[in-house]
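Here is the naming used below: chain letters follow the sequence lines, and residue numbers restart at 1 for every chain.
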2 protein chains.
Amino acid sequence: MSVTIYDIAAEAEVSIATVSRVLNGSPRVAKATRARVHRVAERMGYQPHALAQSLARQTTGLVSAVIPVLTNDFYMEVLRGIQDAVAQSDFDLLVYAASDPEHVDGQLARALQRGRAEGVLLLSTPVDAARRELLNGSTVVLLDVADAAFDSFTVDNSLGGYLATHHLLENGFQRIAHISVVPEPLPARERRAGYERALAEAGRTPLIAASDQRPYGFSEAAGYEAMTALLALPERPDAVFIASDAQALGALSALREAGLSAPHDMAVVGFDDIKVAEVVGLSTVRQPMHEMGRLAVERLVARLADSQAPPIQHVFSPTLVVRASSARRV
Amino acid sequence: MSVTIYDIAAEAEVSIATVSRVLNGSPRVAKATRARVHRVAERMGYQPHALAQSLARQTTGLVSAVIPVLTNDFYMEVLRGIQDAVAQSDFDLLVYAASDPEHVDGQLARALQRGRAEGVLLLSTPVDAARRELLNGSTVVLLDVADAAFDSFTVDNSLGGYLATHHLLENGFQRIAHISVVPEPLPARERRAGYERALAEAGRTPLIAASDQRPYGFSEAAGYEAMTALLALPERPDAVFIASDAQALGALSALREAGLSAPHDMAVVGFDDIKVAEVVGLSTVRQPMHEMGRLAVERLVARLADSQAPPIQHVFSPTLVVRASSARRV
DNA sequence: ATGAAAGCGCTAACAT
DNA sequence: ATGTTAGCGCTTTCAT
């Protein structure tokens, strides 16, 4: 049906080897032949067959991104960065998203299938023993999770938690609570640790709420529930640092429904700096999501070229973004 | 390096054909042999080589989505729908996103490369003569754009514009403006037509603003500029229907910066119903983005199975979502 | 400078 | 029930 190098070879009266050479820009071809083959290929509308090329070259030109849940602005932002960087490379991008983090392994297995992608970007998925086995032999770059055996790009979550809490302390808030996640993934644990450290330095006691929202805790619903719990407390906190912006959005809803508002009744600081955060004036700790995705891809591409380099652990420093929701009490 | 069917064949003392049969579940294999081959394959940790399989089968198991710009919540939502449906199929998903709509053809060409994907989902990209040529022979489903030669999933934009405008009229607003896009793509033109129809029925005159934001008009910046222009008018409108939520967000910012607010000083209705719309209380015309993506994939998969069916043009009816930004003047 | 031929790893007739 | 073999479309030695 469609034109192959055999057709071109016949038409140009050369062998398929010569056609292949010309098409791949080998210098070992006579000028006249080269021109003729090019002309014929052009005229016949030749297009290389990606699959056949890949099989012969033993390389697919594909990288894949494995994402725990797409219904999450954090991942969406990272994905944008990934896509941008991939578009600037010679690779094409396969996207594997799970319905929730617990089902990520199925997608991961597909992404890792032999002869599929050359490398994979794995997001927010801790490398346990089973996964280490799966990943064995593949070129992998980790995002939002670190592991000594792989390149990784993470944010200093503990610092982020500290910055947020310190900011609330500085603004004079007295009873600063924290909303975390159950079950608590490592990033959340680290954010909480930063919160606790800041409080400890100030000689305050932590107050932690979290609702058990399986399978995915970084959600509006989880934030809503946790805030509801906080509001039911006999002595209501006057500020809260929340483990993610998504939860913070839910928490703000709960606040609003209770006839309260931030920062007047309770100051709120989130984490991530997703786009809505700016729109609603939510103070937050910013992760450079776009850049994380971009750099991870660049690293993956580099590693594909040089698999020997020792793994690097890139830790971004998050930055505090102060908006209306944590304004100092007047 | 990695184990092939030859290794298994040798180990199980059968031919590669038998191995292939067993692995593909052919019934024409003796029970004992089947069991033995399975055991060996398992033990050796065999994984089929996607590429080789694809080349032999002449089918890749890949579909691709071509997106004009990823920095846009509308496309993100559609992409989620696409991903959800793809995950339920036997296909894997390639994502090709352009930096802006004018550069979509490069990505489209990659997506269409012979031996890459079996079908492509093309978003918001009108099929002109050049593209028709490109798409010729490929299995394509169109989203947000219609063309008689292909399956397409679109929304009744004109109806949407009508609904929005009619709603504003009903709520008693007097001077209802419209913010469109320059250059004006077909969906925007249709939305404007709906707006004009509603106004004409009410015997009012249209008032249209739009800023020239190349290459992509459905943006916050564009909305901001257009609203600024409206505010500079001697007689300020008291309501506005805006061609997209993204622009509406920018318009709301402009309003706020001018010390004004919606709906008090000007009622605002957007289009799309992206997630932030709900958060900021923006009235809007909802497109079923997730479902559009999902159904488009299902259609693509169906067409891949039966290429003879005549193209279908699926037109969704948008729905009006009333929130605070267009509340009736008290 | 060019051609012949051996793969790449698998599927699918066609034989037996 | 199983094996032999010819592709799938291309790249890449190895000859000439």
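- As a whole-Å value, the separation of A:Gln53 CD from D:dG9 P is 13 Å.
- Taking only side-chain nitrogens and oxygens, A:Ser20 never comes nearer than 4.0 Å to OP1 or OP2 of D:dC10.
- Heavy-atom distances to DNA chain D give each of B:Ala30 and B:Ala56 a nearest nucleotide, and the one nearer the 5′ end belongs to B:Ala30.
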Query raised in the report: Where do A:Arg294 and A:Asp84 land on the salt bridge (Lys or Arg N to Asp or Glu O under 4.0 Å) test, with the steps shown first?
Result: CA-CA 7 Å; A:Arg294 203 170 50 70; A:Asp84 282 358; over 6 Å; no
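- Against DNA chain C, the stretch residues 5-18 of chain B makes heavy-atom approaches under 4.0 Å through B:Ile5, B:Tyr6, B:Ile16, B:Ala17.
- Listed nucleotides C:dG9, D:dC10, D:dT11 differ in distance to A:Thr4; the shortest reach to its side chain belongs to D:dC10.
- The CG atom of B:Asn136 lies 9.5 Å from the CG atom of B:Leu134; values are rounded to the nearest 0.5 Å.
- Salt bridge A:Glu11/A:Arg43: present, at least one basic N to carboxylate O contact under 4.0 Å.
- Between the side chain of A:Ser26 and the main chain of A:Arg28, a donor-acceptor pair closer than 3.5 Å is present.
- Between A:Leu23 atom CG and D:dG9 atom P the separation is 15 Å, expressed in whole Å.
- Nucleic acid contact for B:Arg57: sugar-phosphate only, since backbone atoms but no base atoms lie under 4.0 Å from a heavy atom of the residue.
- Close to D:dT2, at under 4.0 Å from its OP1 or OP2, lies a side-chain N or O of B:Thr33.
- Atom CD in B:Gln113 sits roughly 12 Å away from atom C1' in D:dC10 (whole-Å rounding).
- In this structure, the CG atom of A:Asn24 is 16 Å from the C1' atom of C:dT2, given to the nearest Å.
- One interatomic measurement links the two molecules: CG of B:Leu51 to C1' of C:dG9, which rounds to 9 Å at whole-angstrom precision.
- Contact record, A:Ser124 with A:Pro68: CB-CG, 3.9 Å, taken as the closest heavy-atom pair.
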Table of protein N/O atoms under 3.5 Å from nucleotides 14-16 of chain D N/O atoms:
none

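- Between B:Met292 and B:Leu143 the shortest heavy-atom distance is O-CD2, 3.6 Å.
- OP1 or OP2 of C:dC10 sits under 4.0 Å from a side-chain N or O of A:Arg114.
- Salt-bridge annotation for B:Arg80 and A:Asp73: present, with a side-chain N of the basic residue lying under 4.0 Å from a carboxylate O of the acidic one.
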Report summary line: Pairing string of DNA chain C (Watson-Crick or G-U wobble, both atom distances under 3.5 Å; | = paired to other strand) is ||||||||||||||||
**Report entry** Stepwise salt bridge (Lys or Arg N to Asp or Glu O under 4.0 Å) check, A:Asp147 with A:Arg132
**Finding:** CA-CA 10 Å; A:Asp147 186 288; A:Arg132 192 176 309 279; 3.1 Å; yes
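- Counting heavy-atom neighbours within 6.0 Å of B:Gln313 CD, excluding the residue itself, gives a total above 12.
- Between B:Arg28 atom CZ and D:dT2 atom P there is a gap of 12 Å when expressed in whole angstrom units.
- Nearest approach of A:Val95 to B:Gln83, heavy atoms of both residues: O-OE1, 3.8 Å.
- Not one side-chain nitrogen or oxygen of A:Gln58 sits closer than 4.0 Å to the OP1 or OP2 atom of D:dT11.
- Pairing each heavy atom of A:Gln53 with each of A:Pro48, the nearest pair is NE2-CB, 3.5 Å.
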Query raised in the report: Which is it for A:Asp144 and A:Val155 under the side-chain contact (heavy atoms from CB on, under 4.5 Å) test, yes or no, and what are the steps along the way?
Result: CA-CA 7 Å; A:Asp144 194 33; A:Val155 106; 5.9 Å; no
